[in-house]
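What follows is a set of notes on a single structure, which appears directly below.
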Amino acid sequence: MAGYRLTLPTIQNWNCHSCAGCCRQHAIEVTAEERERIAGQNWTAADGVDPSRPLWVASGPPWARTWRLAHQQDGGCVFLNEDGLCRIHAKFGEAAKPLACRIYPYAFHPAGKEVRVSLRYSCPSVVENRGDAVDEQPGELKRTARLVVPDDVSHIPPPPVAGRQRVDWPDFLRLVDALEDTLAGPEGTIIHRLLQACFWLKLAGGAKYDDIRGDRIDELAELLQQEAEYQFPADSPLADIAAPSRTGRIQFRLLVARHARKDTAAEASPGWRQKWSLLRAALKFSAGRGTMPVLQPGLEPVQFEQLEPAFGGLPPGAEDLFTRYFRIKVQGLHFCGAAFYNMPLVEGFYSLATMLPIVLYLARWLAAGEQRNQLTLPDVRRALAMADHHFGYLPDFGQRGMRRAVRLFAASDDLTRLIAWYSR
Ligand code: SF4
C-alpha cells in the first residue's frame with residue numbers, strides 16, 4: 001500500500017474523449033525497456049505500421065541520448081490509426097502503451113505525506129471540463145499514481161518559499177492553500193484576484209521564516225491578503241493601471257513566441273533551416289513591428305500592432321476557465337519545486353501568473369487572424385491549450401534567461417501591467 005494520501009482536485013472534470021490531440025501534439029519519450037517491449041510486439045504492415053519507417057527517433061547528444069516515438073507524415077504518432085485510436089492500446093491493451101501516454105493529462109506532485117494531483121491544460125477535455133469529476137475517480141487515479149510515484153515520497157523536501165527561505169511541508173502547504181483561497185474569491189474578477197495574489201506573495205517572499213511557523217503563517221498570509229485587497233480592490237478599474245514598459249513588452253513577446261511554437265517531431269531536433277527561421281521569428285518578436293511570423297497553424301500572419309488595442313475584456317466563460325486553471329495549478333503544486341524547474345514558490349507563481357497575459361495575447365492573435373477585435377471563449381480555450389502545452393515541460397523555461405525575464409516583470413511591476421493590459 002502506498003505511504004501517501006492522494007489529494008485530488010475538487011473543481012475539475014475529466015475523461016478521455018479520444019480526440020487524439022495528445023498523440024499528435026506531444027513528443028512521447030520512451031525508455032529502453034519500453035523500446036524493447038514495443039519492438040517485441042512485432043508490428044507489421046498488416047497492423048497498419050509502415051515497416052520501412054522507424055518506430056522511434058533519437059534526440060540529444062550521444063552522452064545524453066533520449067528516444068521518442070516516431071511520427072507519421074501528418075504529425076500523428078507512428079501508432080495512431082486512421083480513426084484516431086492507438087494501435088498498441090487496441091491490440092495489446094492500455095497497459096502495453098508507453099508510460100507517458102498512460103499518465104497524460106495527469107501530473108503527480110509529492111508534498112510530504114500527500115501527493116497532489118494536477119492536470120495539463122493542453123488536453124481540450126481538461127480545458128472544457130468535460131467528463132466525470134476527477135475527485136469521483138479515486139480508484140483510477142490511485143492506479144495511475146502507482147505507475148509513477150514511489151511508495152515513500154515523504155523524504156522529498158518542499159521547495160524554498162523564496163531565495164533560501166524554507167519551511168516544512170505543512171507550513172509550505174499553508175501558504176499554498178492561502179494562495180488558492182485568494183484565487184478562488186469570491187470577490188472581484190480573476191484578474192483582480194491574480195493581481196492580489198502576486199502582490200501578497202511578493203511580500204511573503206521577503207519575509208524571514210526562521211520564527212514564523214504554524215498558525216503564524218496563517219496570520220501572516222491573512223494580513224498580506226488584506227493589504228492586497230486594499231491595493232487592488234475588487235471594484236478597481238484595470239484601466240487605471242499603467243501600460244507595460246517597452247523593455248517589459250519585448251521580453252514578454254519573446255516569451256509568447258516560445259509558447260506559440262509546437263514541440264512537434266521537427267522541433268524536437270531542428271535542422272539548420274528551422275533554426276534559422278526560429279532566429280528570424282525571435283528577431284521579429286523582439287522588434288514587435290510589421291507582420292507576425294506564423295509559428296503554428298491557426299496563428300495567422302497578422303500585424304503586431306493589431307494585438308495591442310483593447311479587445312473588449314474577457315469573453316463570457318473565460319472568468320470561470322481562468323479561475324479553474326489557476327486553482328488547479330496551485331492546488332496541484334504544478335508551478336514550483338520538482339514539477340517546475342525546481343523554482344521556489346514565489347518565483348514559480350510569477351511564471352504561472354504570466355500565463356494569463358500570454359494566453360490572452362495568443363487568443364487575440366487567433367481572433368485577429370479571423371478579422372475580429374473581440375475574444376470568444378473558443379479563442380481563449382485554444383490559446384490556453386497551446387500555452388499550457390509548454391508550461392513546466394519546455395527545458396528553455398527553466399534556464400537563466402527566461403527565469404530572469406519573469407523575475408524582472410515581477411520586480412518592475414510589468415507583471416501587473418501585462419496582466420491588466422491584455423485583459424482589456
Ligand atoms: S503510443 Fe498510442 S497513446 Fe501513445 S502517442 Fe502513440 S498513438 Fe497515442
Side-chain angles (χ1 to χ4, degrees), residues 10-11 129 174-207 218-245 248-249 252 307-331 335 346 349-364 367 372-377 379-381 383-384 406 409-424:
T10 52
I11 51 166
N129 211 20
R174 284 172 191 263
L175 285 170
V176 169
D177 292 345
L179 194 52
E180 202 218 326
D181 275 353
T182 300
L183 294 167
E187 299 289 316
T189 66
I190 184 60
I191 312 299
H192 289 92
R193 299 197 298 272
L194 193 60
L195 294 174
Q196 290 170 359
C198 291
F199 180 87
W200 79 252
L201 207 58
K202 189 175 185 175
L203 297 179
D218 293 334
E219 287 165 20
L220 173 72
E222 206 178 315
L223 213 64
L224 298 179
Q225 281 169 317
Q226 283 168 9
E227 182 58 23
E229 284 164 21
Y230 177 73
Q231 289 291 331
F232 296 103
D235 54 358
S236 58
L238 296 174
D240 290 353
I241 297 175
S245 70
R249 285 173 196 249
F252 174 70
L307 307 193
E308 296 305 321
F311 264 63
L314 298 189
E319 168 78 25
D320 288 348
L321 171 57
F322 279 125
T323 302
R324 178 163 46 86
Y325 173 74
F326 286 115
R327 287 184 63 193
I328 290 292
K329 295 288 168 177
V330 167
Q331 267 183 7
F335 67 103
V346 176
F349 188 74
Y350 291 154
S351 291
L352 180 60
T354 309
M355 287 292 279
L356 185 117
I358 289 173
V359 170
L360 290 174
Y361 191 97
L362 291 172
R364 285 171 174 226
R372 287 182 283 111
N373 59 5
Q374 293 238 319
L375 301 184
T376 62
L377 184 58
D379 294 330
V380 179
R381 283 176 168 167
L384 180 55
V406 175
F409 289 157
S412 65
D413 279 347
D414 265 328
L415 181 52
T416 299
R417 294 170 177 193
L418 287 162
I419 290 171
W421 184 257
Y422 290 109
S423 304
R424 291 139 60 233

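All values below come from the heavy atoms of this structure, side chains included, with hydrogens, waters and symmetry mates left out.
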Q) Under the side-chain hydrogen bond (donor to acceptor under 3.5 Å, both in side chains) criterion, do E229 and Q225 qualify, and how do the steps go? A) CA-CA 6 Å; E229 284 164 21; Q225 281 169 317; over 6 Å; no
Q: Please name all residues satisfying salt bridge (charged side-chain N to carboxylate O under 4.0 Å, His left out) with R372, sequence neighbours left out, ordered by chain then number.
A: E370, D379
Q) Which distance, rounded to the nearest 0.5 Å, do you find between the CD1 of I241 and the CD1 of I419? A) 8.5 Å
Q) When you check the side-chain N and O atoms of T182 and Q196, is any donor under 3.5 Å from an acceptor? A) no
Q.
Could you walk me through whether F349 and C198 satisfy the side-chain contact (heavy atoms from CB on, under 4.5 Å) test, starting with their C-alpha distance in whole Å, then the side-chain angles of each, then the deciding distance to 0.1 Å, before giving a yes or no?
A. CA-CA 8 Å; F349 188 74; C198 291; 4.0 Å; yes
**Q.** Rounded distance [0.5 Å steps], CG in L194 versus CG in L356
**A.** 6.0 Å
**Q.** S423 to I191 - nearest heavy-atom pair and separation
**A.** OG-CD1, 3.3 Å
Q) Is the shortest heavy-atom distance from the side chain of H192 to the side chain of L238 under 4.5 Å? A) yes
(Q) With a 6.0 Å cut-off (strictly less than), is the heavy-atom count around CD of Q231, excluding the residue itself, greater than 12? (A) yes
Q. So, for R324 and I11, which heavy atoms are closest and what is the spacing to 0.1 Å?
A. CD-O, 3.1 Å
Q. Hey, is R249 close enough to E308 for a salt bridge, meaning N to O under 4.0 Å?
A. yes
(Q) As a quick check of understanding, evaluate side-chain contact (heavy atoms from CB on, under 4.5 Å) for W421 and L360, giving each step before the final call. (A) CA-CA 10 Å; W421 184 257; L360 290 174; over 6 Å; no
Q: Would you name the heavy atoms of L179 and A197 that are closest together and state the gap between them?
A: CD1-CB, 3.8 Å
**Q.** Validation row: K202, Y350 side chains within 4.5 angstrom (heavy atoms)
**A.** yes
**Q.** Contact summary for L307 and R364, nearest pair of heavy atoms
**A.** O-NH1, 2.7 Å
Q.
For the backbone of L314 and the side chain of R424, can you confirm whether one donor and one acceptor N or O come within less than 3.5 Å of each other?
A. no
Q: Measure the CD1-CZ distance between I190 and R327 for me, rounded to the nearest 0.5 Å.
A: 9.0 Å
Q: Could you give me the CA-CA distance, side-chain angles and deciding distance for V380 and F322, then say whether side-chain contact (heavy atoms from CB on, under 4.5 Å) is met?
A: CA-CA 9 Å; V380 179; F322 279 125; 3.7 Å; yes
Q) Salt bridge or not for E319 and R193, using N-O below 4.0 Å? A) yes
Q | Between CH2 on residue W200 and CD on residue E222, distance to nearest 0.5 Å | A | 11.0 Å
Q: Enter the distance from L362:CG to M355:CE here, rounded to the nearest 0.5 Å.
A: 8.5 Å
Q) Between F311 and Y422, is a ring pair (Phe, Tyr, Trp, His ring centres under 6.0 Å) present by the stated rule, with each step listed? A) CA-CA 8 Å; F311 264 63; Y422 290 109; 9.2 Å; no
(Q) Could you go through F252 and F409, starting from their C-alpha distance and side-chain angles, then the distance that decides it, and tell me whether this counts as side-chain contact (heavy atoms from CB on, under 4.5 Å)? (A) CA-CA 9 Å; F252 174 70; F409 289 157; 3.9 Å; yes
Q. Which pair of non-hydrogen atoms, one from L375 and one from A367, has the smallest distance, and what is that distance?
A. CD2-CB, 4.1 Å
(Q) Please report the interatomic distance CD1(I328) to OG1(T323), rounded to the nearest 0.5 Å. (A) 11.5 Å
Q. Out of L415, T416, D414, which one pairs with P244 under the side-chain contact (heavy atoms from CB on, under 4.5 Å) rule?
A. D414
